[in-house]
Protein chains: 2
Amino acid sequence: MSILERVQAVAESLTRAEHLLVREVIAKPRDVALGTASSLAQRTGVHEATASRLAKKLGFESYANFRDAIRQEFIVKAGPATRVRNTLEAAAQNGDILNELIAREVEALTALPDYVDSSRISDAVKALTAARRVFIFARGNAVTLSTMLARRLLRMGVEVEVLSGDGRDLAEQMLGIGADDVMVLFVFRRQPRHFAPLVERAHHVGAGTLAISGSIGPALTPAPKLLLSAPRSGSNDSFQTLTVPMAITNALVLMMAQMNQDATLERLETLGELISNFESR
Amino acid sequence: MSILERVQAVAESLTRAEHLLVREVIAKPRDVALGTASSLAQRTGVHEATASRLAKKLGFESYANFRDAIRQEFIVKAGPATRVRNTLEAAAQNGDILNELIAREVEALTALPDYVDSSRISDAVKALTAARRVFIFARGNAVTLSTMLARRLLRMGVEVEVLSGDGRDLAEQMLGIGADDVMVLFVFRRQPRHFAPLVERAHHVGAGTLAISGSIGPALTPAPKLLLSAPRSGSNDSFQTLTVPMAITNALVLMMAQMNQDATLERLETLGELISNFESR
DNA sequence: CAGAATATGCAAGCTAACTTGCAAGACATA
DNA sequence: TATGTCTTGCAAGTTAGCTTGCATATTCTG
């Protein structure tokens with residue numbers, strides 16, 4: 001019975017302090033595994049006695065046994081032996097889909113800075129910040145990202161227009177676009193039918209265009225004014241996820257938040273501070 | 001100064017028993033790191049006092065310090081976190097948001113297999129495959145993932161119902177749920193208000209429930225029948241992206257496609273083949 | 001081989017960590 | 001608001017693990 005299962009089993013009866021402890025255990029199991037009950041308690045801001053009691057509540061005979069279980073699960077089980085399996089080749093060999101997927105994602109993410117550099121993102125941020133309205137276009141799976149970006153921009157107080165529908169609908173929604181606006185287009189796989197007309201229209205009225213895209217990015221015609229493109233995970237003909245473009249989009253949003261902060265408030269030191277401020281609930 | 005260097009420094013003056021101890025430490029550093037002085041002594045066939053003295057001979061103040069050093073060297077430093085840690089700290093220092101974000105994502109993805117194992121995903125796949133209909137629930141940012149999953153399932157010919165709206169609307173949409181159905185719930189941050197009633201209703205009629213979630217996963221009440229949860233990137237209180245849960249969702253979809261393939265066609269060898277077949281356009 | 005030096009085990013002592021009874025506080029309930 | 005239940009921290013008690021003085025065994029040296 002795993003730690004997570006044990007937590008689930010008693011989830012209903014967890015108190016506030018116990019909840020905090022559980023969170024910490026799940027977030028940093030390796031630290032907890034190597035520390036003492038007091039160190040866990042101290043970092044969590046509760047008394048060590050509560051940690052001891054939690055262990056019993058989860059069905060362990062003592063805190064020591066609890067910690068042993070964490071070690072088993074997060075240090076011994078996840079030891080160097082399993083690490084080998086995490087390599088792409090090994091995972092593919094074993095038909096281990098989860099690990100193969102992860103290996104591919106990590107590989108693609110790691111390569112991302114080779115394709116997109118911070119100054120390009122800065123340019124995009126400046127354009128978006130200066131924009132009166134932001135139009136967002138996506139087709140197929142990419143709508144996943146357009147809804148995400150739309151939500152985030154809205155929360156930052158940006159006026160957002162999500163383009164939807166086909167031909168006539170699109171045309172109508174585009175009527176209002178002006179020189180102060182920016183259009184963001186998510187494009188993967190093939191260039192969608194409406195891409196060219198949309199970009200042409202935007203350029204015609206003097207609006208900015210930003211494409212967030214995969215390997216096709218550079219081949220898009222007409223070329224958008226700004227382009228953030230990086231290959232997605234996997235090889236050309238295999239499964240391609242939205243992880244990489246999502247990272248680009250997140251970086252964009254974060255830098256935008258940071259720049260706006262810079263303008264008004266004092267600069268926050270860490271990403272953590274920046275965001276907990278920005279995304280407070 | 002590493003353990004090995006310390007050993008080398010006093011190599012000449014090592015006694016027979018000390019030599020045995022050192023051998024064991026070098027052969028199984030991780031076991032030693034997690035054990036006590038007595039356990040090391042016992043396995044080596046010497047007295048625990050000798051282990052204590054060896055620690056001092058190697059220049060440590062106590063056996064505890066010696067063990068801490070072993071832990072640092074063979075567990076902490078070898079851990080998945082540390083590999084990324086350097087990049088992360090450098091990036092954070094320079095305010096390089098893109099690289100910091102990427103480092104965090106990689107760290108979180110790498111830890112994913114510690115929390116979700118393939119057999120759990122298999123269970124979820126079996127439930128989804130057997131389901132007559134799949135209901136999907138998400139709130140806030142999580143809708144990004146629900147739309148993604150809905151699209152993918154639809155493409156696979158699964159009947160999907162995306163739950164939307166509030167109170168009354170939800171209740172109406174839930175009227176039709178039956179024992180053959182499965183409800184998938186995406187839950188991050190706090191447990192949403194409608195979570196409990198939905199799960200209770202589903203369980204009441206005998207439907208399955210699957211939660212895809214972050215660190216709260218195990219603390220959800222009532223507990224879903226199936227749970228796929230892993231901490232998201234970043235620390236508890238900072239920016240958290242959907243990268244990890246998206247990877248879980250992708251793995252789920254892929255394994256589902258594979259199992260369906262298995263049933264009808266011959267098994268495809270690689271993920272690439274599998275998918276280019278499955279997602280051909 | 002004798003004597004000294006060193007190594008090792010034993011066991012008592014010590015320390016840090018964990019456990020638990022108790023009381024104060026928080027929260028729900030009537 | 002009063003009462004009871006539940007939660008939490010405190011502090012004393014307990015335990016496990018580490019240390020160290022001492023005695024015996026072993027090895028080295030002349």
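Naming: A, B, ... by sequence-line order, numbering from 1 per chain.
In this structure, B:Phe74 and B:Asp31 have side chains that are not in contact, with every pair of non-hydrogen atoms separated by 4.5 Å or more.
Mapping B:Glu48 and B:Ala17 onto DNA chain C via the closest heavy atom, the residue that lands nearer the 5' end is B:Ala17.
Atom C1' of nucleotide C:dT19 and atom CG of A:Leu54 are separated by 14 Å, given to the nearest angstrom. When rounded to the nearest whole Å, the span between OH of A:Tyr63 and P of D:dT15 equals 20 Å. Spacing between atom CD of A:Gln42 and atom C1' of C:dC18 amounts to 15 Å, rounded to whole angstrom units. Rounded to a whole Å, the NE2 atom of B:His47 is 13 Å from the C1' atom of D:dC22. Across the protein-nucleic acid pair, B:Asp68 atom CG and C:dA17 atom P stand 10 Å apart, rounded to whole Å. If you take CD of B:Glu61 and P of C:dA16, they are 11 Å apart, rounded to a whole angstrom. Atom pair B:Leu20:CG and C:dA7:P shows a separation of 14 Å (rounding to whole Å applied). When rounded to the nearest whole Å, the span between CG of A:Asn65 and P of C:dA17 equals 18 Å.
At a cut-off of 3.5 angstrom, the base of D:dG17 holds no donor-acceptor pair with the side chain of B:Arg67. No N or O donor and acceptor, one from the side chain of A:Arg16 and one from the base of D:dG9, sit under 3.5 Å apart.
The nucleotide whose nearest atom lies closest to any side-chain atom of A:Arg53 is, among C:dG9, D:dT19, C:dG21, C:dG21. Taking every side-chain heavy atom of B:Lys57 into account, C:dA7 is the closest of C:dG9, D:dC18, C:dA7. Residue B:Thr15 places its side chain closer to C:dA7 than to any other of D:dC22, C:dC18, C:dA7.
A cation-pi contact, defined as under 6.0 Å to the ring centre and within 45° of the axis, is absent between B:Arg6 and B:Phe66.
Of the residues B:Gln240, B:Glu105, B:Glu107, B:Arg104, the one that meets the side chain to side chain donor-acceptor pair (under 3.5 Å) test with B:Ser233 is B:Glu105.
OP1 or OP2 of C:dT20 sits under 4.0 Å from a side-chain N or O of A:Lys56. Regarding contacts with the backbone of D:dT19, a side-chain N or O of B:Ser52 is found under 4.0 angstrom from either OP1 or OP2. Contact annotation: A:Thr36 does not reach the phosphate of C:dA16 (side-chain N/O to OP1 or OP2, under 4.0 Å).
Annotation for A:Glu5: atom CD counts as buried by contact number, over 12 foreign heavy atoms lying within 6.0 Å. Around the NZ atom of B:Lys28, the shell of radius 6.0 Å holds no more than 12 heavy atoms that belong to other residues, nucleotides or ligands.
Using a 4.0 Å heavy-atom cutoff across all strands shown, A:Ala49 reaches at least one base atom of the nucleic acid.
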